[in-house]
Amino acid sequence: MAIDCNVKTFVAWIVATVNDSSGKNLQYERIPLDWLEDGMEGTKKQFPERYISQQPPPGSDNLVTYLWNMDKVPFRISNGKCSVFKVIPDWK
């Protein structure tokens with residue numbers, strides 16, 4: 001995804017949380033975008049295409065992914081996409 005904003009450092013995380021059916025949090029992962037943009041010039045920053053997350057724990061019921069804009073600055077996302085895949089190894 002590409003993020004366009006008028007600040008030198010866009011302090012934001014992509015967050016993924018997994019809850020069970022009662023709402024209890026089972027897993028919390030974050031990708032700090034401001035750490036990844038180190039050395040990027042200009043206001044439009046292109047972030048890596050893929051991130052690999054952990055296997056959700058047993059009892060998982062709900063996955064929520066969001067972008068946490070910590071400094072609440074205006075921004076625009078282009079070419080953003082979120083996909084969830086389950087890898088099933090073929091061990092023989």
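In this chain, residues are counted from 1 in sequence order. Because the structure is predicted, anything quoted here is derived from the model rather than measured.
- Taking every heavy atom of both residues into account, C5 and P74 meet most closely at CB-O, 3.5 Å.
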Give the intermediate values and the outcome of side-chain contact (heavy atoms from CB on, under 4.5 Å) for residues L67 and V15.
CA-CA 6 Å; L67 190 139; V15 177; over 6 Å; no
Taking it one step at a time, do N79 and M1 satisfy side-chain contact (heavy atoms from CB on, under 4.5 Å)?
CA-CA 5 Å; N79 300 322; M1 81 176 155; 5.6 Å; no
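- Cluster membership for I31 and M70, using ILVMFWY side-chain heavy atoms within less than 4.5 angstrom, is not shared.
- The minimum heavy-atom distance linking V64 with N62 is given by the pair CG2-ND2, 3.8 Å.
- Atoms CZ and CH2, on R30 and W35 in that order, are 4.5 Å from each other to the nearest 0.5 Å.
- In terms of heavy-atom proximity, D34 sits nearest to A12 at OD1-O, 3.5 Å.
- Here the straight-line distance linking atom CD1 of I14 with atom CD1 of I3 works out to 6.5 Å at 0.5 Å rounding.
- Each ring-ring contact (aromatic ring centres under 6.0 Å, His included) pair with one or both residues in residues 4-23, not counting sequence neighbours, appears once here: F10-F75, W13-W68.
- Applying the side chain to side chain donor-acceptor pair (under 3.5 Å) test to every pair with at least one member in residues 15-27, sequence neighbours left out, gives these pairs: N19-N25, D20-S22, Q27-E29.
- Taken together through direct or relayed side-chain contacts under 4.5 Å among Ile, Leu, Val, Met, Phe, Trp and Tyr, I77 and Y66 form parts of separate hydrophobic clusters.
- By the side-chain contact (heavy atoms from CB on, under 4.5 Å) test, S60 is found to be paired with V18, L26, P56, P57, residues two or more places apart in sequence or in another chain being considered.
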